[in-house]
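Okay, structure first, notes after.
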Amino acid sequence: AQSVTQLGSHVSVSEGALVLLRCNYSSSVPPYLFWYVQYPNQGLQLLLKYTSAATLVKGINGFEAEFKKSETSFHLTKPSAHMSDAAEYFCAVGLAGSNYKLTFGKGTLLTVNP
Amino acid sequence: DTEVTQTPKHLVMGMTNKKSLKCEQHMGHRAMYWYKQKAKKPPELMFVYSYEKLSINESVPSRFSPECPNSSLLNLHLHALQPEDSALYLCASSQDRGTLGETQYFGPGTRLLVL
């Protein structure tokens with residue numbers, strides 16, 4: 001069964017610093033991987049998605065993620081944090097055999113300090 | 001337009017009330033979803049409709065009753081809820097091409113408080 005683990009429930013960075021949010025997955029088949037962001041009191045917004053077309057995936061708002069099969073990882077990065085990046089970030093994997101089910105990680109809260 | 005809208009934004013109801021949540025999308029998506037999200041937790045899938053037919057019910061209590069009147073609309077009827085049902089209710093939609101890894105687009109949610 002597919003699962004995702006997000007290391008670190010809370011990450012704090014300074015404005016302008018590198019953002020690194022970690023996601024490791026387990027899957028017996030090639031996975032479909034997603035990063036979603038949730039700003040306070042809002043729904044989830046898709047940041048980016050891995051579908052095996054390219055291992056380095058670029059998303060919105062300057063975020064990107066690299067799929068590393070050998071490490072079963074799909075970490076999210078941004079070179080320079082902005083105050084507006086403060087939010088909850090969820091990694092998710094599509095469930096094999098289901099067009100509809102996503103398995104979400106527990107989420108990582110990113111705070112950005114001035 | 002990749003927008004899913006939900007009404008109302010906030011809802012307070014008593015345990016004996018009947019209320020409904022509404023979700024709408026005009027992206028031509030044929031799969032629509034209801035999720036429940038408690039504070040500081042990931043969303044939990046409740047129901048999935050595919051081509052206006054209920055496809056998945058994740059063993060949700062019968063006090064939650066979904067309805068899909070047409071391909072653009074999804075309702076969630078609430079009756080005799082409990083305080084522990086207080087949460088953010090999220091609607092989502094996807095194209096439903098029958099392929100794995102479809103992107104789900106989420107609405108802003110309805111924040112429900114049951115007193």
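All values below were derived from every heavy atom in this structure, side-chain atoms included, with hydrogens, water molecules and symmetry-related copies excluded. All values reported here derive from a predicted model rather than from experimental measurement.
B:Leu88 and A:Leu46 end up in the same hydrophobic cluster when Ile, Leu, Val, Met, Phe, Trp and Tyr side chains are linked at under 4.5 Å. Under the 4.5 Å side-chain contact rule for hydrophobic residues, A:Leu56 and A:Ile60 do not share a cluster.
Residues A:Gly105 and B:Pro42 come closest through the heavy atom pair O-CB, 3.3 Å.
Between chain A and the options B:Asp96, B:Leu45, B:Leu90, the largest number of non-hydrogen pairs under 4.5 Å is found for B:Asp96. Contact count versus chain A (heavy atoms, under 4.5 Å) is highest, among B:Gln6, B:Lys41, B:Arg111, B:Gln37, for B:Gln37.
Surrounding CZ of B:Arg30 are more than 12 heavy atoms belonging to other residues, nucleotides or ligands, all under 6.0 Å away. No more than 12 heavy-atom neighbours from other residues, nucleotides or ligands sit within 6.0 angstrom of NE2 on B:His10. More than 12 heavy atoms of other residues, nucleotides or ligands sit less than 6.0 Å from atom NZ of B:Lys38.
B:Gln104 touches chain A through backbone and side chain together, each having a heavy atom under 4.5 Å away. With a threshold of 4.5 angstrom between heavy atoms, A:Leu44 approaches chain B through its backbone and through its side chain. Heavy-atom distances place no part of A:Gln45 under 4.5 Å from chain B, backbone and side chain included. Only the backbone of A:Gln42 comes within less than 4.5 Å of a heavy atom in chain B; its side chain stays farther off.
The distance from atom CG of A:Leu102 to atom OH of B:Tyr35, rounded to the nearest 0.5 Å, is 4.5 Å. The structure places OH of B:Tyr49 at 13.5 Å from OH of A:Tyr100, a figure rounded to the nearest 0.5 Å. Atom NZ in B:Lys9 sits 10.5 Å away from atom CG in A:Asn41 (nearest 0.5 Å).
Using a distance-only test at 3.5 Å, with no hydrogens or angles considered, a donor-acceptor pair links the side chain of A:Lys49 to the main chain of B:Gly101.
B:Thr103 places a side-chain heavy atom less than 4.5 Å from the side chain of A:Tyr36.
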